[in-house]
Every structure is written in structure tokens, then in C-alpha cells.
Amino acid sequence: MTESHPVRRRRGRGARERILKAATELFTAQGINATGMDQLSTVAEVSKRTLYTHFPSKDELVGAYLQSLRDDLLPVPPSPAQPTPSPREQLLAVFDWKLPETTAPFRGCPFLNVSVEVPDPGHSAHQLAAAYKREFARRLTDIARQAGVADPEILGEQLALLFDGAAARGTALNSSHTGACARSIAESLVDAALADVGPASPR
């Protein structure tokens, strides 16, 4: 007969941060639907009571998880205080994926993953993912406008679509190399858009 050991629980501050960290790790590795609150409680080293105190439902935890990723993953337009890199470089840098050193399967874009796992367009998680994708395209449009292209809305939407396609294909093939291919296509799109407005365009 084997001796059972109780699950270790950590006390003190930082429970919310540990829960979000555990959610990010588990949702990234195995998806939202496959991750239960019991597993989250164990990995975060908190009691179920503490978990539900911070996040009364799984939907609220998923929402907090998405919000925690949002700002770090959105393109940031260059500002006058930081004139480099150029708008062109900013647009292309979106495809320079910074990948963690891991042997885990490539998971692509977490917001695309959520929208697939939660297909109901009225669900709060799906709405957050959709709002992120709209903001992603809007940020690209703003950068394209700073670059001086004739139709920044079209270029922004093209690059957003290219990014999503590369992320989805990379997830299906378990390969991050789609990012490099997408970047080369993006370079052609951006340079063609800049060429349309002549040599005075900022590069």
C-alpha cells in the first residue's frame, strides 16, 4: 500500500499571480477546454477556495488570461520619442516570432486558439479574442499610416490576415518556420505599398 501525500499549498501573497501563471502554462500547453480547475489549483499551489476567491468561474480566469497577454502581443507604433525602428521595420517585426526554448508543440496565436475552442461568438472569451484581432489590425493600420502608404487600411488588414494564416498553419504543422515565410511575403506587400507613393515615403 503506497503512502499518499497531500498536495502542497503555498500561503501568503501572490496567489493571483501564481494562478495566472499556471493558467498561461496549462492553456498554452494543452488548451482551455482540456484544463480543469482542479489541475489549475494543483499547479498554482493554491486551494480550490483560493482559486475561486480570485476567479469565481473559469470564464473569468480565461478572460484574465487573455487580458494579461494582450498588451505584450499587440504591435506598438513608433513614437516621436523613439524614432527607431522605422514604421516599415515595425510592420515586418510582427513576423519575427520570439519563441520559448521548449520541445512542446507550437501553439501559434493564443487568441486564435481561444476563438476555435470557444466557437460561440456571444461568449465573453470569443468576444475578447475578436476584439484583440480587430485591435491588432488597427495597430498595423496605424503603423502603415505612419509609413505613408496610400491605403493603410488595406495593408493593415492584409498583414493581419497573413499573420493569422501563418500562426494557424504553424499550429497545424507544429512548425514555427511559417513566421519566416510570412515575413518575406509581408516585406513584398509593404515595399509594394511604399513604392506606390514614390521615393519620398519614409523607410
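Heavy atoms only: backbone and side chains are in, while hydrogens, waters and symmetry mates are out.
Evaluated for a side chain to side chain contact (heavy atoms under 4.5 Å, CB included) with F111, the options L66, L128, V116 yield exactly one hit, L66.
Judged by distance alone, with hydrogens and angles left aside, the side-chain atoms of R139 form a donor-acceptor pair with the main-chain N or O of P75 at under 3.5 Å. The main-chain N or O of I154 is never found under 3.5 Å from a side-chain atom of E157 such that the two would form a donor-acceptor pair. With hydrogens and angles ignored, the 3.5 Å screen pairs no side-chain donor or acceptor of S115 with any backbone N or O of A129.
Rounded to the nearest 0.5 angstrom, E17 CD and H54 NE2 are separated by 8.0 Å.
Note: the hydrophobic cluster containing V43 also contains M37 (ILVMFWY, side chain heavy atoms under 4.5 Å, direct or indirect links). When the side chains of ILVMFWY residues are joined at heavy-atom separations under 4.5 Å, either directly or via intervening members, L73 and L159 end up in a single hydrophobic cluster. Under the 4.5 Å side-chain heavy-atom criterion for ILVMFWY residues, no single connected hydrophobic cluster contains both L112 and I32.
For the residue pair T50/S47, the side-chain donor-acceptor check at 3.5 Å is satisfied. Under the 3.5 Å distance criterion, with hydrogens and angles disregarded, a donor-acceptor pair is assigned to the side chains of T35 and Q30.
At a threshold of 4.0 Å, the pair E25-K21 counts as salt-bridged, since one of the basic side-chain nitrogens sits closer than that to a carboxylate oxygen.
The aromatic ring centres of F163 and F136 sit less than 6.0 Å apart.
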Run the side chain to side chain contact (heavy atoms under 4.5 Å, CB included) test on V190 and L194 for me, step by step, so that the C-alpha distance in whole Å, both residues' side-chain angles and the decisive distance to 0.1 Å come before the verdict. CA-CA 6 Å; V190 171; L194 288 169; 3.9 Å; yes

Would you please test L91 and E187 for side chain to side chain contact (heavy atoms under 4.5 Å, CB included) and show each step? CA-CA 9 Å; L91 291 172; E187 189 168 358; over 6 Å; no

Set out, in order, the CA-CA distance, both residues' side-chain angles and the distance that settles salt bridge (charged side-chain N to carboxylate O under 4.0 Å, His left out) for R145 and D142, then state yes or no. CA-CA 5 Å; R145 185 173 292 112; D142 287 347; 3.1 Å; yes

